[in-house]
Enquirer: 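Take this structure first; my questions come after.
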Amino acid sequence: QVHVVESGGGLVQAGGSLRLACVASGNIFRLSTMGWYRQAPGKQRDLVATITSGGTTNYADSVKGRFTISRDNAKNTVYLQMNSLKPEDTAIYYCRCNLYDSWGQGTQVTVSS
């Protein structure tokens, strides 16, 4: 079992930036694809970005060019840098360790107009 904990959410004005962090327990982190997902009120949980163990990244069209996913295997941490935030980015953001299908509790991101 892998324990995943997100941090870094908050309230920001449109056009601002936030950086989310996700720490995963255990020594398999470097082997796993990691992903960020988000869920807005009344909507399904959607993929935001993923990064493989080799560093290959994938993004939802809605965040391409604004968000950047990265990882630090020495710290068992994956990051999501979010720039040029929009009100429609408001959601709970979840981190997932794909290898064990482990999810964190989520961190709230609110973007005001």
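Everything numeric here is computed off the predicted structure, so don't read it as measured data.
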Enquirer: Test your reading of the model: is there a side-chain donor-acceptor pair from Glu6 to the backbone of Cys22, 3.5 Å cut-off?
Expert: no

Enquirer: Say you draw a straight line from CG of Asn98 to CE of Met34; how long is it, rounded to the nearest 0.5 Å?
Expert: 7.5 Å

Enquirer: State which residue, out of Val63, Thr107, Leu80, fulfils the side chain to side chain contact (heavy atoms under 4.5 Å, CB included) condition with Arg38.
Expert: Val63

Enquirer: Between the side chain of Ser84 and the main-chain N/O of Gly15, is any donor-acceptor distance below 3.5 Å?
Expert: no

Enquirer: Can you name the closest pair of heavy atoms from Pro87 and Ala14 and give their distance?
Expert: CD-CB, 4.1 Å

Enquirer: Please list all pairs passing the ring pair (Phe, Tyr, Trp, His ring centres under 6.0 Å) test where one or both residues lie in residues 81-113, with sequence neighbours left out.
Expert: Tyr37-Trp103

Enquirer: Checking the side chain of Ser102 only, and the main-chain atoms of Val2 only, is there a donor and an acceptor separated by less than 3.5 Å?
Expert: yes

Enquirer: Hey, does the side chain of Thr77 reach the backbone of Lys75 with a donor-acceptor pair shorter than 3.5 angstrom?
Expert: yes

Enquirer: Within the distance-only criterion (no hydrogens, no angle test), does the side chain of Thr52 pair as donor or acceptor with the backbone N or O of Gly54 below 3.5 angstrom?
Expert: yes

Enquirer: Mind listing the closest non-hydrogen atom pair of Thr90 and Ala40 along with its distance?
Expert: O-CB, 3.8 Å

Enquirer: So, are Asp89 and Lys86 salt-bridged, with charged N and O less than 4.0 Å apart?
Expert: no

Enquirer: Does Leu18 belong to the same Ile/Leu/Val/Met/Phe/Trp/Tyr cluster as Ile92, with side-chain heavy atoms less than 4.5 Å apart forming each link?
Expert: no

Enquirer: Do Thr110 and Val12 touch side chain to side chain, with heavy atoms closer than 4.5 Å?
Expert: no

Enquirer: State yes or no: do Tyr79 and Val109 share one hydrophobic cluster built from I, L, V, M, F, W and Y residues joined by side-chain heavy-atom distances below 4.5 Å, directly or via other members?
Expert: no

Enquirer: Ignoring hydrogens and angles, tell me if any N or O in the side chain of Thr50 forms a donor-acceptor pair with the backbone of Gly35 under 3.5 Å.
Expert: no

Enquirer: Among side-chain atoms of Ser17 and Asn83, is any donor-acceptor pair under 3.5 angstrom?
Expert: yes

Enquirer: Same cluster or not: Val23 versus Ile51, using hydrophobic residues (I, L, V, M, F, W, Y) connected whenever any side-chain heavy atoms lie under 4.5 Å apart?
Expert: no

Enquirer: What pairs of residues pass the salt bridge (Lys or Arg N to Asp or Glu O under 4.0 Å) test when at least one of them lies in residues 90-113, not counting sequence neighbours?
Expert: Arg96-Asp101

Enquirer: Locate the shortest heavy-atom distance separating Leu20 from Trp36; write the atom from each residue and the value.
Expert: CB-CH2, 3.6 Å

Enquirer: When you group the ILVMFWY residues by side-chain heavy-atom contacts below 4.5 Å and let the links chain together, are Val4 and Ile28 in the same group?
Expert: yes

Enquirer: Regarding Arg71 and the six-membered ring of Phe29, is the cationic atom NZ or CZ under 6.0 Å from the ring centre and inside 45° of its axis?
Expert: yes

Enquirer: Measure the CG-OG distance between Leu47 and Ser62 for me, rounded to the nearest 0.5 Å.
Expert: 9.0 Å

Enquirer: Does the side chain of Thr57 reach to within under 4.5 Å of the side chain of Tyr59, using non-hydrogen atoms?
Expert: yes

Enquirer: According to salt bridge (Lys or Arg N to Asp or Glu O under 4.0 Å), does anything in residues 15-31 pair up with another residue at least two apart or in another chain? List the pairs.
Expert: none

Enquirer: When you measure from the side chain of Asn76 to the backbone of Ala24, do you find a donor-acceptor pair of N or O atoms at a distance under 3.5 Å?
Expert: yes

